[in-house]
Amino acid sequence: MKIQTINAVLILVFKTNLDKSGDLEKLSKTISGIPGLSRWNIDLEDCDRVLRVEAHSDIRGLIMTTVRSAGFYCEELED
Amino acid sequence: MNEHSFKFANSMRVRDEQKEQLIRQKAMEMIVRDGFDGLSMQKLARAAKVSPATIYIYFRDRDDLIQQISVAEVDRMMESTFVGFNTGMSFSKGLQKQWENRMRYWLDNPLQARFMEQIRHSPIGVKVFKKVKKEFSLKMGEFVHGAIERGEVLKLPLEVYWSMAFAPLYQLIKYHLDGHGLRHEKFLLDEKTMKLTLKLVLKALKP
């Protein structure tokens, strides 16, 4: 299997309720500063407004806390 | 960063190439059948029998998905077009190789080929094709100009040349994929029909 565990990027996905680009701006102020986060985006076209994060470590808890304290809904998108 | 180093933390699963291929395949099917607007991550998840979360392991969003598939398919098409071909070939040998390769690509990959036709004029497609067009026109240009210099082919305006050299092939491919020709009789593009047409094309392009 072609898996590299060294430097592995973790993909974290969450269901949110962000709705417009203004919400994105609001969130980006806080989320971008999270250590270990390398890249993130929100698919506003999807009904689950999926927040997708690429991170160097498992920062699920930190992400959810951050999104919630910015005033949005955030849960892990379950399989 | 290694492309295969993604890991899905929510369930700590790892990248599964077969699953990714299936997602790509289903996405192409949806786009060919229903157009770009017919594709959503939710519908795609249902079609590929995976969870939406799984799709997001591989793709950031819908546009990223379309872009990634387009890049991969364009590369594949390009590679297959130039198999066994080099720009120094004689005009008749080189054009025959081009016809064989293009016919093979379309007949073996009808879904991918239709997908490419669909994306060709979309904003994402235009961006992706731009890169390929350059490489294509460089190689094909070198081939044709060499042949013109050697007196093997007429010097013509590019559009006239292309219409003569390739449009007949693509029309035959279209009939083949439709399954029928002009009179709705069954039509199959085989080697013999291809070579017959190619012979006439080569004759017409001779100085």
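This structure is a prediction, so every number in the text was calculated from the model and none was measured. Proteins come first, then strands; the chains are lettered A, B, ... in the order of their sequence lines, and each starts at number 1.
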Report task. Compute the ring centroids of A:F14 and B:Y56, then answer whether they are less than 6.0 Å apart. Result ->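 No, the ring centres sit 6.0 Å or more apart.
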
Report task. Salt-bridge test for A:E54 and A:R52: reply yes if a basic N is under 4.0 Å from a carboxylate O, no otherwise. Result ->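 A salt bridge links A:E54 with A:R52.
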
Query - B:R76/B:E79 ion pair, N-O < 4.0 Å - result: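 Salt bridge: no.
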
To the nearest 0.5 Å, how far apart are [atom1] in [X] and [atom2] in [Y]?
{"X": "B:R114", "Y": "B:N109", "atom1": "CZ", "atom2": "CG", "answer": "12.5 Å"}
{"X": "B:S92", "Y": "B:L205", "atom1": "OG", "atom2": "CG", "answer": "11.5 Å"}
{"X": "B:F85", "Y": "B:E100", "atom1": "CZ", "atom2": "CD", "answer": "12.0 Å"}
{"X": "A:D58", "Y": "A:L12", "atom1": "CG", "atom2": "CG", "answer": "6.0 Å"}

Query - Residues in residues 39-47 of chain A near chain B [non-hydrogen atoms, under 4.5 Å] - result: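 So the qualifying residues are A:R39, A:N41, A:D43, A:E45, A:D46, A:C47.
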
**Report entry** residues 19-37 of chain A: residues contacting chain B (heavy atom under 4.5 Å, by number)
**Finding:**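 Within residues 19-37 of chain A, near chain B: nothing under 4.5 Å.
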
Report task. May I ask you to test the B:N101-B:K97 pair for a side-chain heavy-atom distance under 4.5 Å? Result ->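 B:N101 reaches B:K97 side chain to side chain.
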
Query raised in the report: Is B:E117 atom CD crowded by more than 12 heavy atoms from other residues, nucleotides or ligands, each under 6.0 Å away?
Result: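 Enclosed: over 12 neighbouring heavy atoms sit under 6.0 Å from CD of B:E117.
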
Requested in this report: Check whether more than 12 heavy atoms from other residues, nucleotides or ligands sit under 6.0 Å from atom NE2 of B:H145, and answer yes or no.
Outcome: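 Count not over threshold, so no.
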
Less than 3.5 Å apart, which donor and acceptor atoms pair up between the side chains of residues 165-175 of chain B and the rest of the protein, not counting sequence neighbours?
residue	atom	partner	partner atom	Å
B:Y170	OH	B:R102	NH1	3.2

Query - Positions in residues 32-43 of chain B that reach chain A, provided some heavy atom is under 4.5 Å away - result: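 Result: B:M41, B:Q42.
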
Requested in this report: Mark yes or no: A:K15 above the aromatic ring of A:Y73, with NZ or CZ under 6.0 Å from the six-membered ring centre and no more than 45 degrees from the axis.
Outcome: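 No, A:K15 does not lie over the aromatic ring of A:Y73.
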
Query raised in the report: With a 3.5 Å cut-off and no angle check, do the side chains of B:Q67 and B:D63 form a donor-acceptor pair?
Result: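 The criterion, which ignores hydrogens and geometry beyond distance, is not satisfied for B:D63 and B:Q67.
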
